[in-house]
Amino acid sequence: MNNKNIDLSRYGITNVKEIIYNPSFDKLYEEETHPELNGYEKAFKTELGALNVMTGVYTGRSPKDKYIVKDDVTEETVWCNTPEYPNDNKPITPETWEELEKQAVKELSGKKLYVVDAFCGANEHTRLKVRFVMEVAWQAHFVTNMFIRPTPEELAKFGEPDFVVLTASKSKVANYKELGLHSETAIAFNLKKKVQVILNTWYGGEMKKGMFSVMNYLNPLRGIASMHCSANTDKSLNETAIFFGLSGTGKTTLSADPKRLLIGDDEHGWDDEGVFNYEGGCYAKVINLDAESEPDIYKAIRRDALLENVIVDENTRVSYPIYHIENTVEPISKGPHAKDIIFLTADAFGVLPPVSILDSDQAMYYFLSGYTSKLAGTERGITEPKPTFSACFGAAFLTLHPFKYAQELVKKAEKSNAKFYLVNTGWNGTGKRISIKETRAIIDAILNQSILKEPTAVIPFFNLRYPTEVFGVTKDVLDPRSSYKNPAVWDEKAKELASKFIANFAKFAATNEKCKKLEKSGPHI
């Protein structure tokens, strides 16, 4: 709908031709498929009814182009990039911010714009009111699906937002060298002014992950655990399970369990009332998706869902999913305190995927992570396969020191007496991924607690105990060492991996006494 009461001049945006405010799905469909659109602005209908868009060069986040203004608010709180421990939070001056904001505002002025007001966070006491401003219809569709839609009554009294996101995909930072930036692309945050600007990338995930970064800043400082995880609960709403994991390790797949209720698939808070979703939709990879293995995700590809970067055959209209679906699965948004905390890791004890799947002649290569093929290199600048440690399974989105997130998680886990598990969802020594069916059997055994009754053994070097029997799971899957034709090869790789764990953790232990005490619980060679 149009709303003349939205005043964008307070953000510097002037001469706006038209504002389409919180458009309906029918209006979005009309706008994003308009015959006069072309290039990355236009959406195309697929045979399942969902619309597909292409995001150009950036089919993933651009971590090297993420910046946070360094000022009196952030100087003592934000975990900034340093030579000792590099991360994505690169500081910029207020003056550089002003230039980036000016360029975004210039791009958005004098245009027909889409404005979406939505909530980030299902807990009404701590959620953020977020205003997204953009000139591209499908980006309005993206945030309409991804964030929590206010009711008409909530929208009527929405008032001023707590945070504003200005998306100017068509604007390039031509003077980036003069500003000391990495490229013509910039994803910048001013936490004091409470604004994010996005320039020269069409990728919708920058809006989603941007707000996750903001919640990651605010919530731990007010005693709320902030987590890169999926979560579901039993149908009686008594026990919640949390699934931590990097992108592609199976969070969405495993939490979308027909036997349980989905809270959310990616970003959550945990306060004194329980676990709650930051979002209102789900964001799943759909490579090799089939209705039998992932029925809930498959059924979500329908009218009003949005596909990103899917190849569609113009003649048959048959789509071949490559990367993401942003869909309208309705999570329940809130659940009770977690009883099971599960860490998903794609390759940790496999220990590495076979070299044969890598193509060293190409700058970008395919690798299998968890259950879904992901095009490595879609996050700009990542072109080489290498072991990666990501603090709290989400270092790319942490705005505070990792210890703060761990500290808040431990407080909540101790209060609810939660149990912790590590589940490998990736490769084993046979050169194959662990099947969805067997991984689900492992998760089921965790959730029904039958795993606690099984015989166990200790995995060498890592000080972890694993079950030697689980109903529905072959023993080679449970013991990765036995899946190698030559167990000595596993020993060699495991020692190498353990040494990397030790070296990585030493960075934290060197600056924190509490972390240092935890070293004895980690891997030993």
Side-chain angles (χ1 to χ4, degrees), residues 11 40 55-71 74 78-81 86-108 116 120 128 130-136 139 142-143 146-147 163-177 179-218 228 247 266-267 278 283 308 324 326 377-382 390 394-400:
Y11 315 128
Y40 303 134
T55 64
V57 173
Y58 295 92
T59 56
R61 293 185 313 105
S62 186
K64 291 188 176 182
D65 297 301
K66 178 183 174 184
Y67 305 95
I68 297 179
V69 177
K70 187 175 182 179
D71 54 27
T74 61
V78 169
W79 183 45
C80 277
N81 176 57
N87 63 61
D88 293 345
N89 300 324
K90 290 168 284 296
I92 55 173
T93 65
E95 291 73 25
T96 297
W97 161 265
E98 287 178 10
E99 176 62 22
L100 295 177
E101 185 181 36
K102 182 175 73 174
Q103 293 190 27
V105 163
K106 181 180 178 182
E107 175 61 36
L108 295 172
V116 174
C120 184
L128 291 186
V130 187
R131 175 163 294 164
F132 298 91
V133 183
M134 59 230 106
E135 60 177 314
V136 178
Q139 290 175 344
F142 180 96
V143 294
M146 280 314 309
F147 292 90
F163 210 90
V164 176
V165 180
L166 306 179
T167 302
S169 301
K170 300 179 185 179
S171 179
K172 294 184 178 182
V173 188
N175 58 338
Y176 74 93
K177 291 183 179 179
L179 295 173
L181 306 182
H182 171 258
S183 75
E184 293 179 318
T185 301
I187 300 94
F189 300 82
N190 189 321
L191 295 175
K192 185 175 184 177
K193 195 171 182 178
K194 301 176 182 177
V195 178
Q196 176 192 8
V197 297
I198 300 171
L199 299 110
N200 194 41
T201 171
W202 294 74
Y203 181 60
E206 294 290 9
M207 294 181 285
K208 164 190 159 70
K209 291 300 186 182
M211 287 314 303
F212 183 30
S213 296
V214 173
M215 295 295 270
N216 272 346
Y217 178 78
L218 295 173
H228 182 216
S247 177
D266 197 36
E267 302 163 1
Y278 287 165
Y283 199 39
E308 283 185 327
H324 283 125
E326 178 269 302
T378 54
E379 291 190 349
R380 299 286 291 169
I382 301 175
S390 184
F397 323 116
L398 305 185
T399 32
L400 306 173

Review point. Please walk me through it: do Lys102 and Trp97 pass side-chain contact (heavy atoms from CB on, under 4.5 Å)?
Key: CA-CA 8 Å; Lys102 182 175 73 174; Trp97 161 265; over 6 Å; no
Check your understanding: Under the side-chain contact (heavy atoms from CB on, under 4.5 Å) criterion, do Phe189 and Val214 qualify, and how do the steps go?
Key -> CA-CA 9 Å; Phe189 300 82; Val214 173; 4.1 Å; yes
Practice item. Before giving the answer on side-chain contact (heavy atoms from CB on, under 4.5 Å), spell out for Tyr217 and Leu191 the whole-Å C-alpha distance, their side-chain angles and the decisive distance to 0.1 Å. Key: CA-CA 9 Å; Tyr217 178 78; Leu191 295 175; 3.9 Å; yes
Check your understanding: For Cys80 and Ile68, what are the C-alpha separation, side-chain angles and deciding distance, and is it a side-chain contact (heavy atoms from CB on, under 4.5 Å)?
Key -> CA-CA 8 Å; Cys80 277; Ile68 297 179; 5.9 Å; no
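Taking every heavy atom of both residues into account, Asn89 and Asn87 meet most closely at N-OD1, 2.8 Å. Contact detail for Cys120 and Met215: the closest heavy-atom pair is O-CE, 3.4 Å.
Thr201 places no side-chain N or O within 3.5 Å of a backbone atom of Tyr58 that could act as its donor or acceptor partner.
A salt bridge links Lys170 with Glu135: at least one charged nitrogen is closer than 4.0 Å to a carboxylate oxygen. Using a cutoff of 4.0 Å between basic side-chain nitrogens and carboxylate oxygens, Asp266 and Lys208 are scored as salt-bridged. Between Lys66 and Glu206, no side-chain nitrogen of the basic residue sits less than 4.0 Å from a carboxylate oxygen of the acidic one, so the salt-bridge criterion is not met.
Ring geometry for Phe212 versus His228: interplanar angle of 30 to 60°, hence tilted.
Side-chain contact annotation: Thr185 with Asp65, donor-acceptor N/O pair under 3.5 Å absent.
By the side chain to side chain donor-acceptor pair (under 3.5 Å) test, Gln196 pairs with no residue at all, sequence neighbours left out.
For Phe147 and Phe132, the gap between ring centers is short of 6.0 Å. Residues Tyr176 and His182 place their aromatic rings such that the two centres sit no closer than 6.0 Å.
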